[in-house]
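Here the structure comes first, spelled out in structure tokens, and everything after it is commentary.
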Amino acid sequence: MVDVLLAASRRENVDDRVEALTMAGLKAKVVDVEAFAMENAFSLLTAQLPKELINETVAIADIGATMATLNVLYKSRTVYTREQNFGGKQLTEEIQRRYGLSHEEAGMAKRHGGLPDNYESDVLLPFKKSMVQQIARSLQFFVSSSANRGVSCVILAGGCASIPGIEKLVEQELAIPTFVANPFIDMALSNRIKPQVLSNDAPALMVACGLALRSFT
């Protein structure tokens, strides 16, 4: 007996991504599903997590620009996934509105600083609390749909995982050990790579790493 996974997608969703690669001078060899790319990337986090948690139920909260995705793995295999409309774009738009900046200026200020002193308390903290609420809500959906299966730890991925202190807030509010994903933690880096820049972007590159692993399996 062989386990077979059949994944279906609208053709235009695939064509758009293949076209983007073609415009970049690349050729698409494989099209994968994000949830399973994330599952592959999870193998890169074993050096970052306590050994006793690796084969437990682990939730990966991937908060990107416009979408928040919860992937739950049990013994390193995906058992649940849920998407909802929430992401860092909301923080960028609030910075725009509050401080009268363009979208580009707000995005740069969000990443590199330079905003007024009240930014932390009036804008960033409310967003961080909303992010925790989104993760908590998704976890509630998972727990209510599973058979007595709790979550042993939460891993934060996506661009929003780079917000300073967000893992401490999630851990405090949910009472679950929380880590920020770094799929490069056990990799040797080329001397052309700036370690600090890569570390800042690492949580957002989980899916990319999972896709790249297809070439090594």
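What you are looking at is a predicted structure, and each value in this text was computed from that prediction instead of being measured. All values below were derived from every heavy atom in this structure, side-chain atoms included, with hydrogens, water molecules and symmetry-related copies excluded.
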Review point. P203 and A161: which non-hydrogen atoms are nearest, and at how many Å?
Key: CB-CB, 3.7 Å
Exercise for review: Tell me, with the steps shown, if D201 and K194 meet salt bridge (charged side-chain N to carboxylate O under 4.0 Å, His left out).
Suggested key: CA-CA 11 Å; D201 292 336; K194 296 179 179 179; over 6 Å; no
Check your understanding: What distance do I95 atom CD1 and S102 atom OG have between them, rounded to the nearest 0.5 Å?
Key -> 11.5 Å
Point to revise | Point-to-point distance, once rounded to the nearest 0.5 Å, from CD1 of I54 to CG of L49 | key: 6.0 Å
Review point. When rounded to the nearest 0.5 angstrom, what is the spacing between CG in N71 and CZ in R82?
Key: 12.5 Å
Exercise for review: Examine L125 and I166 and state if one hydrophobic cluster contains both, with Ile, Leu, Val, Met, Phe, Trp and Tyr joined whenever side-chain heavy atoms are less than 4.5 Å apart.
Suggested key: no
Exercise for review: With sequence neighbours excluded, tell me which residues meet side-chain hydrogen bond (donor to acceptor under 3.5 Å, both in side chains) with E104.
Suggested key: none
Study note, to complete from the structure: By side-chain hydrogen bond (donor to acceptor under 3.5 Å, both in side chains), T178 pairs with (sequence neighbours left out) none
Check your understanding: At what distance, to the nearest 0.5 angstrom, does CG of D186 lie from CG of L44?
Key -> 9.0 Å
Review point. Looking only at heavy atoms, what is the nearest atom pair of V132 and L174, with distance?
Key: CG1-CD2, 4.4 Å
**Study point:** Pairs touching residues 68-109 that satisfy ring-ring contact (aromatic ring centres under 6.0 Å, His included), sequence neighbours left out
**Key:** Y80-F142, F86-F127
Review point. Transitive ILVMFWY cluster of V197 at side-chain heavy atoms under 4.5 Å: who else is in it?
Key: none
Exercise for review: Measure the spacing between CG of L73 and CE of M38 and express it to the nearest 0.5 Å.
Suggested key: 9.5 Å
Practice item. Begin from the C-alpha positions of F184 and L205 and carry the test side chain to side chain contact (heavy atoms under 4.5 Å, CB included) through to its verdict. Key: CA-CA 9 Å; F184 304 102; L205 296 174; 3.8 Å; yes
Revision key, fill the gap. Sequence neighbours excluded, the answer for side chain to side chain contact (heavy atoms under 4.5 Å, CB included) partners of L211 is D32, A37, V207
Review point. Donor-acceptor pair, R17 side chain versus N13 backbone, under 3.5 Å?
Key: yes
Exercise for review: Report the distance from atom CG of L53 to atom CG of L45, rounding to the nearest 0.5 Å.
Suggested key: 12.0 Å
Review point. Distance-only, no hydrogens or angles: does the E39 side chain make a donor-acceptor pair with backbone N or O of T78 under 3.5 Å?
Key: yes
**Study point:** Qualifying residues under side-chain hydrogen bond (donor to acceptor under 3.5 Å, both in side chains), relative to S144, sequence neighbours excluded
**Key:** none
Check your understanding: Which atom pair, heavy atoms only, marks the closest approach of G64 to C160?
Key -> O-SG, 3.8 Å
Point to revise | Residue pairs fulfilling side chain to side chain donor-acceptor pair (under 3.5 Å) with at least one residue in residues 43-64, sequence neighbours excluded | key: none
Exercise for review: Indicate, with yes or no, if F141 and I135 share a hydrophobic cluster defined by side-chain heavy-atom contacts under 4.5 Å among Ile, Leu, Val, Met, Phe, Trp and Tyr.
Suggested key: yes
Check your understanding: In the hydrophobic cluster built from side-chain contacts under 4.5 Å, what are the other members alongside V31?
Key -> V14, V18
Practice item. Please answer: with hydrophobic residues joined when any side-chain heavy atoms are less than 4.5 Å apart, are M187 and L198 in the same cluster? Key: yes
**Study point:** Test item: side-chain donor near acceptor, S138 and Q84, under 3.5 Å
**Key:** yes
Exercise for review: Taking all non-hydrogen atoms of both residues into account, name the closest pair between S121 and P126 and its distance.
Suggested key: O-CD, 3.5 Å
Exercise for review: Kindly give the cluster partners of L26, where membership spreads through any ILVMFWY side chain lying under 4.5 Å from a current member.
Suggested key: L21
Check your understanding: Any side-chain heavy-atom pair from V154 and L139 closer than 4.5 angstrom?
Key -> yes
**Study point:** Joint cluster assignment, V72 & M131, ILVMFWY side-chain distance < 4.5 Å
**Key:** yes
Exercise for review: Determine, step by step, whether N85 and M67 satisfy the side chain to side chain contact (heavy atoms under 4.5 Å, CB included) criterion, reporting the C-alpha distance in whole Å, the side-chain angles of both residues, the deciding distance to 0.1 Å, and the verdict.
Suggested key: CA-CA 5 Å; N85 293 319; M67 191 70 68; 3.5 Å; yes
Practice item. Mind listing the closest non-hydrogen atom pair of P177 and S152 along with its distance? Key: CD-O, 3.5 Å
Exercise for review: Answer yes or no: is there a side-chain heavy-atom contact under 4.5 Å between L124 and L115?
Suggested key: no
Check your understanding: Which residues satisfy the side-chain hydrogen bond (donor to acceptor under 3.5 Å, both in side chains) test with T92, sequence neighbours excluded?
Key -> K110
Check your understanding: I63 versus L156: any side-chain heavy-atom pair under 4.5 Å?
Key -> no
Check your understanding: Going through the distances and angles, do K168 and E171 end up as a salt bridge (charged side-chain N to carboxylate O under 4.0 Å, His left out)?
Key -> CA-CA 5 Å; K168 294 180 181 178; E171 183 168 311; over 6 Å; no
Exercise for review: Please name the residue in the list L91, V170, V123, I163 that meets the side-chain contact (heavy atoms from CB on, under 4.5 Å) test with K128.
Suggested key: I163
Exercise for review: For V30, enumerate each residue passing the side chain to side chain contact (heavy atoms under 4.5 Å, CB included) test, keeping only those at least two apart in sequence or located in another chain.
Suggested key: R214
**Study point:** Heavy atoms of other groups near D117 CG, more than 12 under 6.0 Å
**Key:** no
Practice item. Enumerate the residue pairs fulfilling ring-ring contact (aromatic ring centres under 6.0 Å, His included) with a member in residues 33-63, sequence neighbours excluded, ordered by first and then second residue. Key: none
